[in-house]
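Please read the structure below before turning to the comments.
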Amino acid sequence: MDQLLLSRLQFAFTIGYHILWPAFTIGIAWFIVVLSALWLRTHNAVYQHLVRFWTKVFALAFGMGVVTGVVISYQLGLNWSGYARATADAIGPLFVMEVLTAFFLEAGFIGVMLYGQERVGEKLHFVACLIVAIGTVISAFWIISANSWMQTPTAFTTTADGRFVATDFWGVVFNPSMPYRLAHMIAASFITGGFVVTGVSAFWLWRGRPADQPAARKAFSVCLGLLAVLMPAQMLIGDQHGLNTRKYQPMKLAAIEARWDTARRVPINLIAWPDEKAERNDYALEIPLLGSLILTHSLNGEVKGLKEVPASERPPVLPVFLAFRVMVGCGMLLLAVAFTGLYLRWRGRLYTTRWYQIACMGCVPLGFIATLAGWVVTEVGRQPYVIYGHFRTAEAVSPLATGAVAGSMAVAFVLYNCLLLVFFWYAGRLAWRGPMSGLPTHPAVPLATVAAALGQIPQATGGAK
Amino acid sequence: MSMLANFDFASFFAVAAAIVIGLYVVLDGFDLGVGILFPLAPRASDRDAMMATLEPFWDGNETWLVLGGMVLLGAFPLAFAILLPAFYVPLCLMLFGLVIRGVAFEFRSQGGRFQIVWSATFAAGSFIAAFCQGAVLGAFVGRNITVSDGAFAGGPFDWLGLFSLATGLGVVAAYGLLGACWLVWKTSGSTQNFGRELMLPTLLCAGAAILLISVWTPFAKPQIAERWFAWPDFLWLTPLPIIAFLAGIGILLTRWSEREWVPLALSLLLFVTSLAGLGASVWPEAIPGVMTIWQASSMHRTQVIVAGAVVIIVPIILAYIGYGYWLFRGKTKPVPEFPPR
């Protein structure tokens, strides 16, 4: 295997593992803010238990995100020194801004959020939670901005020795695809986090332990309510993002649709197996006209085909095509689950429908899978360029010995997989113990007594039925 | 903007990078040091107390490392693009060390049967990260980096040598000293005594390493000898080793002092003077023998933006980081949040 491919695999692997954590923690951080606000307003103990529980899970995931993120920041120079040299004058300041305005903010207040509860009082604690949550979004803002500039580069000139120089800082930051990409990613994070909360709450409902019920019901209800709004919103954002991609990255769109010839009134491929050598699709299942309608919002709209450019300029079609269908498929499933929740709520069976609880538990990984698939579409779809249309991936790679890259790849592969398993173990254990495990309960006192003492027992027995 | 046209941004960023890296070294230094001392702690309760002193701070400390890297990228991209591939192996090892150490923080606090595994992971990660940082420092100052056409052209183990191994171990010992002083300041009782006892061996090891490096570098590179022994630089530079030496003696004398912040302050002084000495040896080269900071610089526009961001935002960061340290002031109470089941 050559050094370039190894470096690409290594980056795909390390950033794929990294993206799982922000995708989760951005959503959870804001959920904690909502819960803290509800606790401040109502002083209903249920909210406090939920804040405590989800803060513990958040701390685990946040730690994973921080350590894998430090690796990414150095990898820009370690494995992609050509990229670092060429782009530092365009997007280097964005990375500096991310550290200055987001990482320090998160790092500075996560200590207060996790360990400072007794020292600062509940109002300041809420502020700390809010600042951490804001930090996660600011971080996403800068990093998505840098990534978007690589997809749709604007406001730059190039020097004789091949360096990109920004002509307008804000032009680089607010490049044409940035707002769509940011909205899509933030919504994806809210959805991913939301379905984790829903799934875990569904597990507590399904298990039926009385003491868990008040917290489980609250979280289940709040999250499903938010998701019923977020899911259709995400579909709209995705649609707008698609229009933007058609305008600025036509070859990526062609790969997403596995469209070989430029045409009007095109069908949409529901499923197919693109054959890149023969430049056609096998086993295609098409719906006429729908392609033009979705991609251009007009029946007569033109969609560019891959044959417009030589084969060396095309992104790999198969992974992009399949990943897009995985992403949309997950999205459809999640939309169906969110709307089913609305229906069950209307029928008054939201907390008691067993099959629906199992379905919600099954949805926990879907947000992560959809996010990863979306990144494959975005990043593989940009190939063979790092900076779309201007700078090839092959020019970006570091002059390293193959053995060194293979070695770091092997270590990262073993290490990250171990860490993921350990995270599942500890986070799973927290979820298994339930939201009430933080209570100072005496072992001799049954949990039902605790719930009764909290005045929640009538509701709780109702939920167990 | 015209005012800024003749401003020497390269020198500004060299100083800024030195300050950021210095802040990283002293801040993450004490928490890496605590990790290095972890296997020596006599009781599990001491390890709990040691960990508890770091919990609110370690994440912020590590962020200075990311800032250091990104400021180098934004200000000296040509050096950044050569140095990182040149130090690929130790930097990757350092990152993996920081990864396992960071997750050990989270997972150890969950308690359970495997706590001892996470203690070992924490110690190993801290040691690996500290050693690799020292090795990179040594290789940067003492070894030659092969460059052709503005890109690294050497092999993956060019950084390795007796000198970089010595600086690696020296940094481990020096972080251990910082960690011991930190424990004396932040803990009480048996854990504090443990910190006090460790000050002597870590100080001797760190002192020997600093001495070795100070004597070795001028011999390793004639241009460094020229810098140190040429008039009038000699006049400006001699105070550095003298202050460092006095600080070392001071730590030795105040080990058992009632004023528990004094050894920590003196060890910080020792660190700052040692780093300043190294900086004086290298200045004004971005990569010794290859390019100066002016040759390694980014474009003027980029410099203005990055410098503006740093000048405006870093004071704000220092303010709330300071607030964090003030908030968690005093002795750390090693009380677990919830009793383990």
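Lettering follows sequence order; numbering is per chain, from 1.
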* Which portion of S297(B) sits near chain A, non-hydrogen atoms under 4.5 angstrom -> backbone

* Asked: Which members of residues 315-326 of chain B, sorted by number, sit under 4.5 angstrom from chain A on a heavy-atom basis?
  -> I317(B), Y320(B), I321(B), Y323(B)

* Segment of L60(A) engaging chain B (4.5 angstrom heavy-atom cut-off) -> both

* Structure fact -> When the 4.5 angstrom heavy-atom criterion is applied to L73(B) and chain A, the contacting part is both

* Asked: If you tally heavy-atom pairs under 4.5 Å against chain B, which of F62(A), Y74(A), F95(A), Y416(A) wins?
  -> Y74(A)

* Begin from the C-alpha positions of L91(B) and L78(A) and carry the test side chain to side chain contact (heavy atoms under 4.5 Å, CB included) through to its verdict. => CA-CA 8 Å; L91(B) 285 176; L78(A) 285 170; 3.8 Å; yes

* Is chain B contacted by the side chain of L105(A), its backbone, both, or neither, given a heavy-atom distance below 4.5 Å? -> both

* Asked: So how far is it from M97(A) CE to I313(B) CD1, rounded to the nearest 0.5 Å?
  -> 4.0 Å

* Counting heavy-atom pairs under 4.5 Å to chain B, which of T167(A), L76(A), L94(A) comes out on top? -> T167(A)

* Count the heavy-atom pairs under 4.5 Å between each of V165(A), T68(A), T87(A) and chain B, then report the option with the highest count. => V165(A)

* Top contributor to chain B contacts, counting heavy-atom pairs under 4.5 Å, from A86(A), G63(A), G92(A), A404(A) -> A404(A)

* Structure fact -> The interface call for F423(A) against chain B, heavy-atom contacts under 4.5 Å, is both

* **Residue L124(A) versus chain B: region with a heavy atom under 4.5 Å** => side chain

* State whether the side chain of D89(A) and the backbone N or O of S298(B) hold a donor-acceptor pair below 3.5 Å, judged by distance alone. => no

* Structure fact -> The side chain to side chain contact (heavy atoms under 4.5 Å, CB included) partner of V99(B) among V411(A), V70(A), V66(A), L419(A) is L419(A)

* **Contacting moiety of S73(A), where chain B heavy atoms sit under 4.5 Å** => both

* What part of L100(A) lies closer than 4.5 angstrom to a heavy atom of chain B: side chain, backbone, both or neither? -> both

* **Contact origin within I100(B) toward chain A - heavy atom pairs under 4.5 Å** => side chain

* Structure fact -> Against chain A, residues from residues 15-28 of chain B with at least one heavy atom under 4.5 Å, in numeric order, are none

* **Interface residue of largest heavy-atom contact number with chain B, from C418(A), A412(A), G407(A), G82(A), under 4.5 Å** => A412(A)

* Based on non-hydrogen pairs under 4.5 Å, which of D161(A), V112(A), T159(A) is most in contact with chain B? -> V112(A)

* List the steps, then state whether ring-ring contact (aromatic ring centres under 6.0 Å, His included) holds for W64(B) with F104(A). => CA-CA 8 Å; W64(B) 292 102; F104(A) 273 111; 4.6 Å; yes

* Any chance you could measure F152(B), atom CZ, to S81(A), atom OG, to the nearest 0.5 Å? => 10.0 Å

* Contacting moiety of Q303(B), where chain A heavy atoms sit under 4.5 Å -> neither

* To do: Mind ranking W58(B), F157(B), F57(B), F80(B) by heavy-atom pairs under 4.5 Å with chain A and telling me who comes out on top?
  => F80(B)

